[in-house]
Structure formats: C-alpha cells, structure tokens
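As structure tokens, the structure follows; a few thoughts come after it.
Please read all numbers here as calculations on a predicted model, not as lab measurements. One-based numbering along the sequence shown.
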Amino acid sequence: MRKRLAVALSLASAGSMVVLAAPADAGQGVTFTLTAGALQVSDPADKALGTVATGTASITSTLGNTTVTDNRGALLGTWTASVAGTDFTTGLGTADETITKDNVSYYSGVATASSGTAVRVPGQATPLTSQALSASRTAFSATGVVGNNSTTWVPTVVVTIPSDSVAGTYSGTITHSVSGA
C-alpha cells in the first residue's frame with residue numbers, strides 16, 4: 001500500500017508542477033494618439049518699399065522671409081500658399097492717387113530654407129515669371145508631404161508707377177494665406 005500511495009503522491013506532485021510551470025499570458029496592448037498640428041503661413045511685419053521720384057517707372061523690393069509651417073503630420077499631403085494684393089492709394093484715393101493692383105507684380109523666388117519631406121514648387125521662380133496681383137496667385141506649393149515640414153522664401157514685388165500718379169505715400173496690403181489637404 002505504501003508503494004501505491006507513493007506513486008499517487010508522485011502523480012499529484014507532477015500535476016502540481018505542470019500547473020505552476022504554465023503561467024498565464026500577461027501581454028498588454030498599448031496605444032497612443034498623435035494629433036495633427038496647424039498649417040500656417042507667416043510673413044514679416046509692415047514693409048516700406050522705399051522712395052522714388054515722380055516720373056520713375058517702378059520700384060522693386062523684397063518683402064522678407066515668408067514661411068509656411070506644416071505641423072499636420074500628413075501622409076502624402078499637399079499645401080498651397082496664395083498671395084493677393086490691394087490697390088495702393090494716397091490722399092483721398094482718387095484715380096490719380098491710386099496705383100491699382102494690376103501694376104503690382106510678385107515673384108516668390110526659390111526656397112531659401114526648408115525642413116521635412118515635401119516636393120516644393122515656387123509659384124514664380126524668377127522675375128521673368130512674375131505675376132500681377134490683379135488676382136490671387138499661387139506663391140508656393142508642396143506635394144508629397146510626409147510628416148511635419150516648413151518652407152521659407154523671400155518674395156519680391158515690383159510696383160509699376162503710372163505717369164499720372166501724384167506725389168504722396170502710397171499704402172496697400174499684400175496678404176499670404178495657406179490651405180492644404
């Protein structure tokens with residue numbers, strides 16, 4: 001009887017060892033969320049283009065660094081920066097005190113700085129491709145955007161001065177905006 005009892009205890013012991021040797025699966029699923037940031041354009045503060053005498057054909061000046069910052073974290077995204085202008089006026093803004101926006105040309109030039117992954121395309125790479133701000137124009141665009149990126153350029157404006165323009169300080173607005181997908 002002792003022999004059988006010893007065998008029975010051995011089996012019970014072996015059974016206990018099997019249960020202890022097979023631990024439960026303790027894996028844990030872990031997730032997190034990455035939220036999209038903003039798509040924005042920044043340009044310099046007000047800019048004085050300079051001073052010229054009446055009878056001068058035009059005035060040319062750069063506007064300073066203009067930057068699109070894309071923190072949306074896109075996968076194959078796109079963005080387009082646009083530029084628009086207003087008429088330039090002095091005094092009461094009569095016909096002789098107005099230089100219309102069709103006389104204001106813009107060219108973006110090429111990117112002067114960039115970061116991140118994107119295919120960047122200037123709206124007007126050279127003075128020969130400048131466009132009048134008589135309508136909204138593409139200043140810069142990007143395709144194939146992956147993750148965060150930025151693009152900086154230094155646009156140039158050329159104001160053609162009509163011969164019948166009167167002396168005065170002319171003011172207008174040039175506005176950059178950006179949209180994306």
Checklist entry - Can you name the residues that form a side chain to side chain donor-acceptor pair (under 3.5 Å) with Thr67, not counting sequence neighbours? => result Thr152
Item to check | Minimal non-hydrogen separation, Ser108 against Ala125, with atom names | outcome: OG-N, 4.5 Å
Next on the checklist: Between Asn149 and Ser115 (side chain of the first, backbone of the second, donor and acceptor by atom type, cut-off under 3.5 Å), is there such a pair?
Outcome noted: no
Next on the checklist: For a quick test of reading the model, state the closest non-hydrogen atom pair linking Leu63 to Pro44 and the distance between them.
Outcome noted: O-CG, 2.7 Å
Checklist entry - So Arg72 and Trp79, side-chain contact (heavy atoms from CB on, under 4.5 Å) or not? Walk me through it. => result CA-CA 11 Å; Arg72 298 172 300 156; Trp79 56 257; 4.3 Å; yes
Checklist outcome for this item: Output for pair (Asp96 CG, Asp164 CG), nearest 0.5 Å, gives 5.0 Å
Item to check | Pair Tyr106 and His176, ring centroids less than 6.0 Å apart | outcome: yes
Next on the checklist: Thr80 vs Thr78, test: side-chain contact (heavy atoms from CB on, under 4.5 Å). Steps then yes/no.
Outcome noted: CA-CA 7 Å; Thr80 300; Thr78 64; 5.9 Å; no
Checklist outcome for this item: What one should report as the nearest heavy-atom pair of Ile161 and Thr56 is CB-O, 3.5 Å
Item to check | CG on Asn71 to OG on Ser150, rounded to 0.5 Å | outcome: 8.5 Å
Next on the checklist: Is it the case that over 12 heavy atoms from other parts of the model lie below 6.0 angstrom from the CG atom of Leu92?
Outcome noted: no
Next on the checklist: Tell me which one of Ile99, Thr60, Leu133 satisfies side-chain contact (heavy atoms from CB on, under 4.5 Å) with Val159.
Outcome noted: Ile99
Next on the checklist: Checking Phe88 against Val104 for the side-chain contact (heavy atoms from CB on, under 4.5 Å) test, could you report, in this order, the C-alpha distance in whole Å, the side-chain angles of both residues, the deciding distance, and whether it holds?
Outcome noted: CA-CA 9 Å; Phe88 283 70; Val104 181; 3.7 Å; yes
Item to check | Shortest non-hydrogen contact from Thr151 toward Arg120 | outcome: OG1-NE, 2.7 Å
Checklist outcome for this item: Minimal heavy-atom distance between Thr89 and Thr98, with the atoms involved, is CG2-OG1, 3.6 Å
